[in-house]
Amino acid sequence: DDDNLCPKFIVLLDHEIKSVVLAIRGTYSLKDLVLDMICDEAPYLKGFAHAGILSGAEEVWSKAGEIVITALANHPGYSLGVTGHSLGAGVAELVTLELILGEQSVLIKEGTNISCV
């Protein structure tokens with residue numbers, strides 16, 4: 001592992017429901033706990049977000065983004081589902097918001113269904 005605080009995640013293909021899934025693990029390690037405890041707010045989109053969770057979301061997307069974009073390109077018509085538990089749920093929500101409303105939205109083909117569950 002590197003020194004960056006990045007929640008563990010996995011990118012999966014669910015061919016049955018035609019979806020690319022980005023699943024993010026919840027608080028598990030001491031590093032994850034540090035992200036949870038960085039309770040400062042940080043500017044995000046047109047408001048603010050929990051700084052630790054935002055940092056985790058940025059790290060996850062920096063590592064998973066290319067994989068997700070490639071998977072969607074290789075599977076036209078697939079949706080994108082982003083999910084997580086605990087810390088992972090907060091990270092999943094911020095990643096999803098970024099992909100729908102943020103600068104990263106230009107990377108997702110128009111018409112792609114994106115959901116966070």
Side-chain angles (χ1 to χ4, degrees):
D1 275 70
D2 54 25
D3 291 331
N4 294 330
L5 299 176
C6 183
K8 299 295 184 197
F9 64 88
I10 189 167
V11 178
L12 307 163
L13 290 173
D14 186 332
H15 296 293
E16 188 172 316
I17 63 169
K18 295 186 176 182
S19 184
V20 175
V21 179
L22 172 59
I24 305 160
R25 185 177 72 189
T27 305
Y28 179 77
S29 68
L30 185 57
K31 284 184 173 185
D32 292 339
L33 187 59
V34 169
L35 280 178
D36 282 337
M37 295 177 63
I38 302 173
C39 294
D40 294 332
E41 60 184 31
Y44 183 67
L45 298 176
K46 293 183 179 181
F48 296 91
H50 181 287
I53 294 174
L54 179 56
S55 174
E58 290 168 343
E59 283 296 316
V60 166
W61 187 249
S62 75
K63 295 177 183 199
E66 187 175 334
I67 297 164
V68 170
I69 298 303
T70 300
L72 288 169
N74 290 338
H75 297 86
Y78 275 42
S79 62
L80 172 59
V82 187
T83 190
H85 172 262
S86 183
L87 170 64
V91 169
E93 286 193 34
L94 294 183
V95 167
T96 303
L97 285 170
E98 178 62 33
L99 295 177
I100 294 172
L101 302 172
E103 294 176 5
Q104 299 297 312
S105 64
V106 300
L107 301 174
I108 305 294
K109 182 179 175 185
E110 190 173 333
T112 300
N113 182 33
I114 303 172
S115 61
C116 181
V117 292

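Below, each value reflects all heavy atoms present in this structure, side chains not excepted, and no hydrogens, waters or symmetry copies. Note that this is a predicted model, so its numbers are computed, not measured.
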| Are side-chain heavy atoms of Leu94 and His50 found at a separation under 4.5 Å? | no
To the nearest 0.5 Å, how far apart are [atom1] in [X] and [atom2] in [Y]?
| X | Y | atom1 | atom2 | result |
| --- | --- | --- | --- | --- |
| Arg25 | Ile10 | CZ | CD1 | 11.5 Å |
| Lys31 | Cys6 | NZ | SG | 9.5 Å |
| Cys116 | Ile24 | SG | CD1 | 8.0 Å |
| Leu30 | Met37 | CG | CE | 9.0 Å |
| Leu54 | Glu59 | CG | CD | 10.5 Å |
| Leu13 | Lys18 | CG | NZ | 13.0 Å |

| Partner of Gln104 by side-chain contact (heavy atoms from CB on, under 4.5 Å), out of Leu101, Leu107, Ile108 | Leu107
| Out of Ile114, Ile69, Val21, which residue meets the side-chain contact (heavy atoms from CB on, under 4.5 Å) rule with Leu80? | Ile114
| request: Report the C-alpha separation of Tyr44 and Leu97 in whole Å, then their side-chain angles, then the decisive distance to 0.1 Å, and conclude whether the side-chain contact (heavy atoms from CB on, under 4.5 Å) test is met. | output: CA-CA 10 Å; Tyr44 183 67; Leu97 285 170; 3.8 Å; yes
| task | Apply side-chain contact (heavy atoms from CB on, under 4.5 Å) to Ser79 and list each qualifying residue two or more places apart in sequence or on a separate chain. | result | Ser19, Asn113
| request: Specify the closest pair of heavy atoms between Ala64 and Leu22, including all atoms of both residues, with the distance to one decimal. | output: CB-CD1, 4.0 Å
| task | Of all the heavy-atom pairs spanning Ser105 and Ile100, show the shortest one and how long it is. | result | CB-O, 3.9 Å
| Any donor-acceptor N/O pair, Thr70 side chain to Glu66 backbone, under 3.5 Å | yes
| task | Give the cluster check for Val60 versus Leu45: same hydrophobic cluster or not, with ILVMFWY residues linked at side-chain heavy-atom distances below 4.5 Å. | result | yes
| field | Pairs flagged by ring-ring contact (aromatic ring centres under 6.0 Å, His included) wherever residues 51-103 is involved - sequence neighbours left out | value | His15-His75, His15-Tyr78, His75-Tyr78
